[in-house]
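Written below as structure tokens is the structure these notes are about.
In what follows, every chain begins at residue 1, and chains take the letters A, B, ... in the order their sequences are listed. Scope of the values below: all heavy atoms of this structure, side chains included, with no hydrogens, waters or symmetry mates.
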There are 2 protein chains.
Amino acid sequence: MSKNLINWLENLLLWGIIIKLKAMTSFTEENYLKIIYMLTEQNGGNEVSTNELAEITQTKAASVSDMLRKLAEKNLINYRKYQGVTLTKEGQQIALSVIRKHRLWEVFLVDKLGFGWDEIHDIAEQLEHIDSKELTEKLDKFLGSPQFDPHGDPIPDSKGKMPSMASCKLSEVPIDQTVVMVGVLVHSPAFLQHLDKNHITLGSTIKIQEVSEFDKSFTVLLNNNQSVFVSNEVAKNLLVK
Amino acid sequence: MSKNLINWLENLLLWGIIIKLKAMTSFTEENYLKIIYMLTEQNGGNEVSTNELAEITQTKAASVSDMLRKLAEKNLINYRKYQGVTLTKEGQQIALSVIRKHRLWEVFLVDKLGFGWDEIHDIAEQLEHIDSKELTEKLDKFLGSPQFDPHGDPIPDSKGKMPSMASCKLSEVPIDQTVVMVGVLVHSPAFLQHLDKNHITLGSTIKIQEVSEFDKSFTVLLNNNQSVFVSNEVAKNLLVK
DNA sequence: ACTATTTTTTAGGTTTGTCTAAAAATTTGA
DNA sequence: TCAAATTTTTAGACAAACCTAAAAAATAGT
Ligand SMILES: [Mn+2]
Ligand SMILES: [Mn+2]
Ligand SMILES: [Mn+2]
Ligand SMILES: [Mn+2]
């Protein structure tokens, strides 16, 4: 009985079939892991709830429950029923590799192909699942091993280490100070196009000239000497240094 | 009854749901269309059989039958039971777009990232399914609108038109003639690495010095003045001009 | 503390793309 | 030409990833 099982396993090993148990995270599973990673960050390391995941994956809570059971079976997440989830070491590794690929491809699309930063998300959403370590590393070299993507988001290195950079929201900067734009907290085309229209881009120098008492909107001076108006809603989503 | 149906369809249209009937060719469907295109070419325009498809897709004939029924329903293939299939205009368009993407990505991998021509097929097999017209056209520009891929295969333009080039097999070239290597008929890493080892690459000048009576093997002189031995098996799979 | 509400899970189904086994059609060849 | 071999299709199942409806657990409000 048990001897039979061992024989059978040996046979599988011989034929290299055991690999399947190791490899194999589907497109869908990768997306869940990536989203769990990002929501955990946002929650300051706290568990992510089923409903949060359902909302962001555009599916129903029931479907999320199914997937969580499956990911837990594969030891990619820590899952206690009704208590939400966090990633295991292994799950985190996969999530970081997907994020690395996503952001490297975004750099490629903007720097090499000339896309605007508002046009690249959906394409990168597909490219992030291309499975080839050699490709990722060669792409990284080709792009000059960038540390940040076109939105200012950090690109993890091949071991999963994130470059860090102190930054704060423009909305928190006091009057008269001069800062540099280093990132955005919202990636919607509408928001990015709004920034384009106001000539605010990654690397722009921003001097805060005036802050309205009434609505906390800003008037700022850019490096091109243009003075532009920035609503508080926008200022809250701009990262500066 | 029929009025009810029309009402229902109008409702769908109103909500933009009808789009789904038009768009949507899955990864798997795209692969079938591409393979049908290539096998039809190979067969000189004749129908492709279920078993041929089963062989090359690494599935069972029963699964192929299922898929053919489905592709026929979508008007992507001409299918008469037991008689094999050919592509419709629409199916051919999709096939050519997949082939275009495959070959453009191969150029990218070799020219820009420095991969060898024997390492790129599996990666291109994934990249060919990335869905973005703008991406394909920008990639094409970035690469300088190449006409041929790293294996010498023609790259269809955005309308599906293949560049043509007269060529013949090295095995058919008479003694003493000098030709240029322009393509391979086999893409296996083993074959490509064999050519690398013998310094035969796309663009190599080849002068036929000697043809053996016995086994039809060749001794040829390359542009680097090296004299190398080429078996008939290899000569039959080398395209020259 | 104990309902009422919200969140999450379970139960039962669907679709896509695969499989094996068996039936049907076609082709081969004596 | 017609029986045997081959090819192709049909029938019936399964896993993955989704759904709706209903049940169960957790949380909140008085
Ligand atoms: Mn994705
Ligand atoms: Mn980004
Ligand atoms: Mn493919
Ligand atoms: Mn090729």
Item checked: Sugar-phosphate or base contact per nucleotide [nucleotides 19-29 of chain D; S, B, -; heavy atom under 4.0 Å] -> BBB--BSS---
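- For B:Arg69 and D:dA11, the CZ to P distance is 10 Å, given to the nearest whole Å.
- A:Asn232 and A:Ser217 form no side-chain donor-acceptor contact under 3.5 Å, judged by distance and modelled atom types alone.
- The aromatic ring centroids of A:His121 and A:His102 lie less than 6.0 Å from each other.
- A:Tyr79 comes within 4.0 angstrom of the backbone, heavy atoms only, and of no base.
- Counting to the nearest Å, the P atom of C:dT18 and the CZ atom of B:Phe27 are 11 Å from each other.
- Proximity of A:Thr50 to the phosphate of C:dT9: a side-chain N or O atom is located under 4.0 Å from OP1 or OP2.
- Residue B:Glu73 contributes atom CD, which lies 13 Å from atom C1' of C:dT15 at whole-angstrom precision.
- Within the nucleic acid shown, B:Thr28 comes within 4.0 Å of sugar-phosphate atoms alone, with no base atom in reach, counting heavy atoms only.
- Remark: C1' of D:dT9 and CZ of B:Arg80 are 16 Å apart, rounded to the nearest angstrom.
- Distances shown here put every side-chain N or O of A:Tyr32 at or beyond 4.0 Å from the OP1 or OP2 atom of D:dA16.
- Rounded to an integer number of Å, the gap from B:Glu52 CD to D:dT9 P is 13 Å.
- Residues A:Glu106 and A:Lys101 are not paired through a salt bridge, judged by the lack of any N-O separation under 4.0 Å between the basic side chain and the carboxylate.
- Salt bridge absent: A:Lys60 and A:Glu55 never bring a charged side-chain N and a carboxylate O closer than 4.0 Å.
- Computed from coordinates, the B:Glu29 CD to C:dT15 C1' distance equals 12 Å when rounded to whole Å.
- Looking at A:Arg80 and A:Val85, their side chains never come closer than 4.5 Å, going by heavy atoms from C-beta outward.
- The separation between B:Glu55 atom CD and D:dT8 atom P is 12 Å, rounded to whole Å.
- Aromatic rings of B:Phe108 and A:Phe108 (six-membered ring for Trp) have centroids within the 6.0 Å cut-off, being under it.
- The CG-C1' distance, from B:Leu71 to C:dT18, rounds to 15 Å in whole Å.
- Mapped onto DNA chain D by nearest heavy atom, A:Met67 and B:Leu68 fall at different nucleotides, with B:Leu68 at the one closer to the 5' end.
- Checking the phosphate oxygens (OP1, OP2) of C:dT6, no side-chain nitrogen or oxygen of A:Asn51 falls inside 4.0 Å.
- Relative to the ring axis of B:Phe142, B:Lys112 places its NZ or CZ within 45° and under 6.0 Å from the centre.
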